[in-house]
Participant: 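Structure provided below as structure tokens; questions to follow.
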Amino acid sequence: MIKQVFLINLILWCSMTSVTSQVSTTGDKALMEKGYIHMKDGSVVKGKYIYSSDLEKIRIMQGKESKIINASEVEKITLNKPEAATRQAREKGDAEFFDIRPGKWFNLSEGGVMIGNPDNEHKAPFLFHSSMNYSFRNNLSAGAGIGVEFYNETYLPVFANLLYKFNNRKVSPFVSLQAGYLIALENKTRISGGYYPYDYLSSYWPQPITRDNLDAQGGFLINPSAGLFFKTSHGYGITLSAGYRFHQLRFSDKSDYKLRADYNRLSIKLGILFH
């Protein structure tokens, strides 16, 4: 009789253990996640996984097979295939370098000189420009900015610009177009050099003009250029460009005397991009 009771209890206990195990397994399956488990030995296991409560073990299921490994044996777990993960890591590394990506704003600040006629009073006027630009698709960006330029008087250029980059390599050629207007910041000036009356048509002018106390009125500008864009780390990029710069400066006095100065120059600029 005692043996029969013992056998019945043993059978009941085994049945309950089996049911509990099945419930636990079903619960673990519900909590499992899919992924690629990258082992420290270089192998990659694809399957479902779940961590133990103490995070020291990982249970992995591949089909109907299940195994438990130490969490210390795992280097990382990704949701993407190994080759996709490698590509994303490479793109993340590229993102550490400055790049003009679509839908982003960036600042372009340039300083340089305008090289012109050696006989002119201003052989290489200095300029500084800064603009905010928005990048579109196909490596095209557009923006607007202001700056400062120095001649006999100081001018504030207000301009719009377009920039097109030919590729996304670390060194990329680009072309740009800048157009706008020069606003005079100083009203009085002294004119001396190769300037001509506003309505002057003849090519035979006996001598350069020298006049005092003229009002500077500014004029329009246009500057197509080409150059190289260099990617650098820490969110900065560098540009080096050369182009053709044309602009007009106009002057007048109280007697309605008018004077126009046309500048045809080679612009050389060094710039910094940051976002």
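Every value quoted in this text rests on a predicted model; they were computed, and no experiment measured them.
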Participant: Tell me, do N133 and L163 make a side-chain contact under 4.5 Å, heavy atoms counted?
Facilitator: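 Side chain of N133 against side chain of L163, heavy atoms only: no contact under 4.5 Å found.
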Participant: When hydrophobic residues are tied together by side-chain contacts of less than 4.5 Å, even through go-betweens, does I58 share a cluster with L55?
Facilitator: yes
Participant: Grab the two heavy atoms, one from A184 and one from G218, that are nearest each other, plus how far apart they are.
Facilitator: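 What the structure gives for the nearest pair is CB-N, 4.3 Å.
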Participant: CD of E56 to OG of S72: how many Å apart, nearest 0.5 Å?
Facilitator: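 Between atom CD of E56 and atom OG of S72 there are 9.0 Å.
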Participant: For the residue pair F246 and L221, establish whether any side-chain heavy-atom pair is separated by less than 4.5 Å.
Facilitator: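 No; the side chains remain at least 4.5 Å from each other.
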Participant: Which one of H247, R265, K269 satisfies the side-chain hydrogen bond (donor to acceptor under 3.5 Å, both in side chains) criterion with N223?
Facilitator: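 Among H247, R265, K269, the one meeting side-chain hydrogen bond (donor to acceptor under 3.5 Å, both in side chains) with N223 is K269.
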Participant: I'd like to know if the side chain of S109 pairs up with that of S130 as donor and acceptor (distance under 3.5 Å, no hydrogens or angles considered).
Facilitator: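 Distance-only check passes for S109 and S130.
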Participant: When clusters are formed from ILVMFWY side-chain contacts under 4.5 Å, directly or step by step, what else is grouped with L162?
Facilitator: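 Besides L162, the hydrophobic cluster comprises nothing; the residue is isolated.
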Participant: In chain order, what residues pass the side chain to side chain donor-acceptor pair (under 3.5 Å) check against E75, with sequence neighbours excluded?
Facilitator: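 Partners of E75 under the side chain to side chain donor-acceptor pair (under 3.5 Å) test: none.
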Participant: Please tell me if the side chains of F229 and L240 come closer than 4.5 Å, counting only heavy atoms from C-beta onward.
Facilitator: no
Participant: For the residue pair K57 and D54, what are the closest heavy atoms and their distance?
Facilitator: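 In this case the closest contact between K57 and D54 is N-OD1, 4.2 Å.
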Participant: Any side-chain heavy atom of L270 within less than 4.5 Å of one from T239?
Facilitator: no
Participant: Can you measure from CD1 (I37) to CD1 (I77) and round to the nearest 0.5 angstrom?
Facilitator: 5.5 Å
Participant: So, taking the atom named CG in D262 and the one named CZ in R250, what distance separates them when rounded to the nearest 0.5 Å?
Facilitator: 8.5 Å
Participant: Any chance you could lay out the side chain to side chain contact (heavy atoms under 4.5 Å, CB included) test for Y49 and E33, step after step, and finish with the verdict?
Facilitator: CA-CA 6 Å; Y49 66 93; E33 298 182 14; 3.4 Å; yes
Participant: Provide the full list of salt bridge (charged side-chain N to carboxylate O under 4.0 Å, His left out) pairs with a residue in residues 237-248, sequence neighbours left out, each pair given once.
Facilitator: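 Found E149-R245.
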Participant: What residues, two or more places apart in sequence or in another chain, satisfy side chain to side chain donor-acceptor pair (under 3.5 Å) together with Y51?
Facilitator: none
Participant: Does I115 reach the side chain of I268, with side-chain heavy atoms less than 4.5 Å apart?
Facilitator: yes
Participant: For S52 and R59, does a side-chain donor sit closer than 3.5 Å to a side-chain acceptor?
Facilitator: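 Short answer, no.
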Participant: Can you name the side-chain contact (heavy atoms from CB on, under 4.5 Å) partners of N139, sequence neighbours left out?
Facilitator: Y164, K165, N168
Participant: In Å, rounded to the nearest 0.5 Å, how long is the span from NZ of K34 to NZ of K48?
Facilitator: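 If I round to the nearest 0.5 Å, the distance is 5.5 Å.
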Participant: Test L273 against I238 for side chain to side chain contact (heavy atoms under 4.5 Å, CB included), laying out the working first.
Facilitator: CA-CA 6 Å; L273 297 93; I238 297 175; over 6 Å; no
Participant: Are L140 and F166 connected in the hydrophobic side-chain network, where two residues link if heavy atoms are under 4.5 Å apart?
Facilitator: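 Linked within one cluster.
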Participant: Are the side chains of V74 and M39 in touch, meaning some heavy atoms are under 4.5 Å apart?
Facilitator: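 Yes, close enough: below the 4.5 Å cut-off.
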Participant: Tabulate below the donor-acceptor pairs under 3.5 Å that side-chain atoms of residues 171-181 make, not counting sequence neighbours, or state none.
Facilitator:
from, atom 1, to, atom 2, distance (Å)
S172, OG, N167, N, 3.3
S172, OG, N167, O, 3.1
S172, OG, N167, OD1, 3.2
S176, OG, S225, OG, 2.7
Q178, NE2, H129, ND1, 3.3
Y181, OH, Q217, O, 3.3

Participant: Do you know which of Y151, Y263, F126 makes side-chain contact (heavy atoms from CB on, under 4.5 Å) with M114?
Facilitator: Y151
Participant: If you round to the nearest 0.5 Å, how far is CG of L127 from OH of Y155?
Facilitator: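 Separation between the atoms: 14.5 Å.
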Participant: For N70, is the CG atom crowded, meaning more than 12 foreign heavy atoms sit under 6.0 Å from it?
Facilitator: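 Yes, the 6.0 Å shell around CG holds more than 12 heavy atoms from other groups.
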Participant: Would you say L266 ends up clustered with V113 if hydrophobic residues are merged whenever their side chains have heavy atoms under 4.5 Å apart, either directly or through other cluster members?
Facilitator: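 V113 and L266: one cluster.
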Participant: Run the side chain to side chain contact (heavy atoms under 4.5 Å, CB included) test on E110 and S241 for me, step by step, so that the C-alpha distance in whole Å, both residues' side-chain angles and the decisive distance to 0.1 Å come before the verdict.
Facilitator: CA-CA 10 Å; E110 296 177 296; S241 64; 4.0 Å; yes
Participant: To the nearest 0.5 angstrom, please state how far the CZ atom of F230 sits from the CD1 atom of I272.
Facilitator: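 With rounding to 0.5 Å, CZ (F230) is 13.0 Å from CD1 (I272).
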Participant: Applying the 4.5 Å side-chain criterion to the ILVMFWY set and letting contacts propagate, would L156 and F251 be lumped into a single cluster?
Facilitator: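 No, because L156 and F251 fall into different hydrophobic clusters, even though each may have its own neighbours under 4.5 Å.
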Participant: If we only count heavy atoms from C-beta on, is the I183 to V158 side-chain gap below 4.5 Å?
Facilitator: yes
Participant: Give the cluster check for M132 versus F136: same hydrophobic cluster or not, with ILVMFWY residues linked at side-chain heavy-atom distances below 4.5 Å.
Facilitator: yes
Participant: Mind listing the closest non-hydrogen atom pair of S131 and N161 along with its distance?
Facilitator: OG-ND2, 3.6 Å
